[in-house]
Amino acid sequence: MAVTGGGSLLPMGDLIRMASHAFHYLAVFDHHTSQALYLGRTKRIASPAQRIVLHARDRGCTRLGCTVPGYWCQVHHLTDWKNGGRTDVDTTTLACGPENRMIETTKWTTHRNTKGRTEWVPPPDLDRGQHRVNGYHHPERYLLPEDDQGP
Ligand SMILES: [Zn+2]
């Protein structure tokens, strides 16, 4: 079975038949660490190619517990554009609209950790030591050795 960008399951035969008519993109990851290469640029709005790489890497909203698939997400700057953030695949992530807007008006922050995963850090008064990485869109991580599963 294949999983579409919207989360639907497709038989592999159907996927191959549909893909034969598609435009193909290649996303390259450095040493399998989820660090996407190339495609970086310094405009505010992410390019279609950057969105494809973000979709390949994040698959959906990166905030803990959010199930919104990548099709319905916006590109979120880890460091806000107005504060000097860059529009590179390494400095952006997927976030659903409400949470992308929420971070603008609250003291939540986001950053990429050493495993290349986006962490959403709550303001101190809301920090209960909760997880900061959303694993919902990456169930394969739960098949990894325990040291590689975490944030
Ligand atoms: Zn979300």
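Every number for a ligand or one of its atoms is a count from 1 in the order of the listing. The residues of the chain are indexed from 1 along the displayed sequence.
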Legend entry - Proximal protein heteroatoms (N, O or S) of the Zn ion (ligand 1), under 2.8 Å: Cys61 SG, Cys66 SG, Cys96 SG, Glu99 OE1
Inset, instruction - Check step by step if salt bridge (Lys or Arg N to Asp or Glu O under 4.0 Å) holds for Arg63 and Glu119. - result: CA-CA 8 Å; Arg63 185 166 181 223; Glu119 291 189 5; over 6 Å; no
Side-chain donor-acceptor pairs of residues 123-130 under 3.5 Å, sequence neighbours excluded:
residue : atom : partner : partner atom : Å
Asp127  : OD1  : Gly129  : N            : 2.9
Asp127  : OD1  : Arg132  : NH2          : 3.4
Asp127  : OD2  : Arg132  : NH2          : 2.6
Gln130  : OE1  : Arg128  : N            : 2.7
Gln130  : NE2  : Leu126  : O            : 3.4

Inset, instruction - Report the residues that fulfil side chain to side chain contact (heavy atoms under 4.5 Å, CB included) with His77, sequence neighbours left out, ordered by chain and then residue number. - result: Arg44, Trp81, Thr87, Thr92
Legend entry - Any residue meeting side chain to side chain contact (heavy atoms under 4.5 Å, CB included) with Ile16, in chain and number order, not counting sequence neighbours: none
Inset, instruction - Using the side-chain hydrogen bond (donor to acceptor under 3.5 Å, both in side chains) rule, take Thr93 and Asp58 through it: C-alpha gap first, then chi angles, then the decisive distance, then the call. - result: CA-CA 7 Å; Thr93 194; Asp58 297 339; 2.9 Å; yes
Inset, instruction - Please answer whether the main-chain N or O of Ala95 pairs with a side-chain N or O of Thr62 as donor and acceptor at a distance below 3.5 Å. - result: no
